[in-house]
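This report refers to the structure that appears directly beneath it.
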Amino acid sequence: MRKTPRSMRLHIGILGRRNVGKSSILNALTRQYVSIVSAVPGTTTDPVEKPMEFLPLGPVLFLDTAGLDDEGALGVQRVERTRALLQRIELAVLVVAGTWGEFEERLLEELHRRGTAVVVVFNKIDLEAPSGEVLEVLKGQGLPVVLTRADTGEGIPALREALLQAAPPAFFEDRPILGDLVPPGSLVVLVVPIDQEAPKGRLIMPQVQSIRELLDHGVRCLVTRETSLRAALHGLVSPPDLVVTDSQAFLDVAAATPEAVPLTSFSILFSRYRGDLLTQVEGTLAIETLHPGDRVLIAEACSHHPVADDIGRVKIPRWLGNYVGGELDFVTVQGHDFPEDLPSFSLAILCGSCTLNRKEVLGRIARCSAAGVPVTNYGLTIAYSLGMFERALAPFPEALELLRSSSILPRERSARD
Ligand SMILES: Nc1nc2c(ncn2[C@@H]2O[C@H](COP(=O)(O)OP(=O)(O)O)[C@@H](O)[C@H]2O)c(=O)[nH]1
Ligand code: SF4
Ligand SMILES: [Mg+2]
């Protein structure tokens, strides 16, 4: 991700008068000392640019600016430089401390004129809270408003979520599912079990989308059931470059696939495509610290009718319970329901979320993160509890790096019953 070019990153500008806490907000959001904070107005002179992998949005470029109310000959130059930045900013954080005035009103008008998405932040709420009247007017205009104390971090998780919600929809489109994992001309084997969960007469969307994307990228693609995988692999003159399976067939497929061939699941591909793979890999590691009786949330994005050996109601509870060494307290929600009492859960497991768009999935991940609840998904949970987490992450070097640098090591055992 560090290689993402600047132009592809969402440009988030932090704007407002001098000394309202813009640099402090940037530092709190990034949890780094990126920009100098000082009680002396006008400390940030040249705009500070910080490219980073920002959860939950992904690759962004933060632009911390000099106050737009700077004075004097130098001050005027700084204001001009900041104004020039306005045309690059796609999402503006308009920071106010205390009173919303003429200055903020004009800045907001200019941002609207440019079509820039805006989140309003009232900072320094320990010193002065915004008036209820102003809040109502701003919210009445449909503007997201967040109250923060940048020096203590209060309100920063809410600001993260507001940024996610306000980000332009185009930012969430056009991510690859798997076409970028292998070069054109290579061969990918897709393993599709035809079991009682498979819909009659068709394939499901993640499978269809994967096939189409591979074709678009000039990659050859072989689709087979898990029962025919060995024969299919045997018939090839050289091993495939990647195998992708339905998570439920992981063990059989892993047994049939040579160790040297990268293997993953559709659901793990979807964690990267629709959600945030690295956050969910980190969340999966929390399985290691689960105890029997802990509450685990299973959040399915659609309201499909559960079948006898349902993945979310039967298989995952069984595999995870086996791994943990006792029964867990599972709560299942479906569709757009998402529980209010999130902090009571020790782990949240999202389904493949094939019916949600990326923004919604990132919203769920952000809500869990803000509540301090580790969050994972079906494929990652299954791979982990079946003792093949590292293998299932083979196609994603960054995820492997994260796993290897973690202090938690998955046990070398499987929950297979
Ligand atoms: N009391 C209080 N002080 C804050 C808060 N946020 C920032 N500050 C302080 O306000 C001063 C200006 O902050 P800075 O981030 O440099 O403002 P900028 O000029 O807008 O970038 C510094 O002394 C910060 O420590 C807050 O929420 N409450
Ligand atoms: S939305 Fe979730 S539960 Fe529904 S079909 Fe897709 S992955 Fe399965
Ligand atoms: Mg500053």
Side-chain angles (χ1 to χ4, degrees), residues 13-30 33-48 50 62-70 75 78 82 93-98 103 121-130 146-156 159 197-199 202-209 246-248 265-271 273-275 298-307 310-313 315-316 332-337 349-357 360-361 364 377-382:
I14 306 183
L15 306 170
R17 299 189 216 208
R18 281 171 300 164
N19 219 31
V20 291
K22 297 181 297 299
S23 299
S24 306
I25 285 176
L26 174 61
N27 293 344
L29 275 173
T30 58
Y33 196 67
V34 174
S35 202
I36 300 171
V37 170
S38 158
V40 180
T43 300
T44 310
T45 49
D46 286 322
V48 173
K50 172 71 182 169
F62 278 110
L63 301 149
D64 185 19
T65 62
L68 278 162
D69 61 341
D70 215 340
R78 287 176 198 152
T82 301
V93 181
L94 201 174
V95 185
V96 197
F103 173 85
V121 174
F122 283 91
N123 188 41
K124 302 198 185 186
I125 49 167
D126 52 315
L127 302 182
E128 187 179 344
V146 184
L147 309 190
T148 60
R149 259 201 83 174
D151 57 340
T152 61
E154 188 182 332
I156 297 297
L159 176 55
E197 280 186 57
R202 63 177 176 87
L203 298 176
I204 59 173
M205 276 311 284
Q207 297 155 353
V208 174
Q209 284 173 282
D246 185 291
S247 302
Q248 303 185 56
S265 73
F266 288 103
S267 173
I268 294 177
L269 290 177
F270 262 61
S271 165
Y273 172 60
R274 283 281 157 80
I298 299 233
E300 291 192 330
C302 76
S303 47
H304 73 273
H305 190 65
V307 295
D310 194 65
I311 178 166
R313 285 161 194 75
K315 286 184 181 152
I316 288 182
T332 306
V333 295
Q334 277 196 315
H336 291 287
D337 288 346
I349 309 176
L350 310 183
C351 71
S353 304
C354 64
T355 58
L356 297 185
N357 65 28
E360 286 175 272
V361 181
R364 289 181 165 207
N377 88 347
Y378 276 11
L380 292 164
T381 302
I382 293 173

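This is a predicted model, so every value here is computed, not measured. One-based numbering, in listed order, for ligands and for the atoms of each.
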| query | Taking non-hydrogen atoms only, is Ser353 closer than 4.0 angstrom to ligand 2 via side chain, backbone, both or neither? | reply | backbone
| query | Is there an N/O/S atom in Thr65 that lies less than 2.8 Å from the Mg ion (ligand 3)? | reply | no
| query | How far does CD1 of Ile316 sit from CD1 of Ile311, to the nearest 0.5 angstrom? | reply | 4.5 Å
| request: Check for a donor-acceptor pair, side chain of Ser265 on one end and backbone N or O of Ile268 on the other, with a separation under 3.5 Å. | output: yes
| task | Could you tell me the residue and atom name of the protein heavy atom closest to atom 6 (Fe) of ligand 2, and the distance to it rounded to 0.1 Å? | result | Cys354 SG, 2.3 Å
| query | Any nitrogen or oxygen of Leu127, main chain or side chain, under 3.5 Å from a nitrogen or oxygen of ligand 1? | reply | no
| request: Considering only non-hydrogen protein atoms, determine which one is nearest to atom 1 (S) of ligand 2 and report residue, atom name and distance to 0.1 Å. | output: Thr355 OG1, 3.4 Å
| query | Where the side chain of Asn377 meets the backbone of Ser267, is there a donor-acceptor pair that is under 3.5 Å apart? | reply | yes
| message | Given Thr152, Leu147, Asp126, identify the one with the heavy atom nearest to atom 1 (N) of ligand 1. | response | Asp126
| request: Could you check if a side-chain atom of Phe270 sits within less than 4.5 angstrom of a side-chain atom of Ser353, using non-hydrogen atoms only? | output: no
| field | Side chain Arg274, main chain Gly352, donor-acceptor under 3.5 Å | value | no
| note | Nearest non-hydrogen contact to atom 20 (O) of ligand 1 from the set Arg149, Lys22, Arg17 belongs to Lys22
| query | Among Leu26, Thr65, Ile25, which residue meets the side chain to side chain contact (heavy atoms under 4.5 Å, CB included) test with Val95? | reply | Ile25
| Asn123 side-chain N/O to Lys22 backbone N/O, donor-acceptor pair under 3.5 Å | no
| Interfacing atoms of ligand 1 (cut-off 4.0 Å, heavy-atom, Ser24) | 7 (C), 13 (O), 14 (P), 15 (O), 24 (C)
| Judged by modelled atom types alone, do Glu300 and Tyr378 share a side-chain donor-acceptor pair under 3.5 Å? | yes
| Any side-chain heavy-atom pair of Arg364 and Leu350 under 4.5 Å | yes
| remark: For atom 7 (S) of ligand 2, the closest protein heavy atom turns out to be Gly352 N, 3.4 Å
| request: Taking both backbone and side-chain atoms into account, decide whether Cys302 has an N/O/S atom under 2.8 Å from atom 2 (Fe) of ligand 2. | output: no
| said: Using a plain distance cutoff, I'd like to know if Lys124 has any nitrogen or oxygen under 3.5 Å from a nitrogen or oxygen of ligand 1. | reply: yes
| Does the protein put a heavy atom less than 4.0 Å from atom 3 (S) of ligand 2? | yes
| Option nearest atom 12 (C) of ligand 1 (shortest heavy-atom distance, choices Asn19, Ile125, Asp64) | Asn19
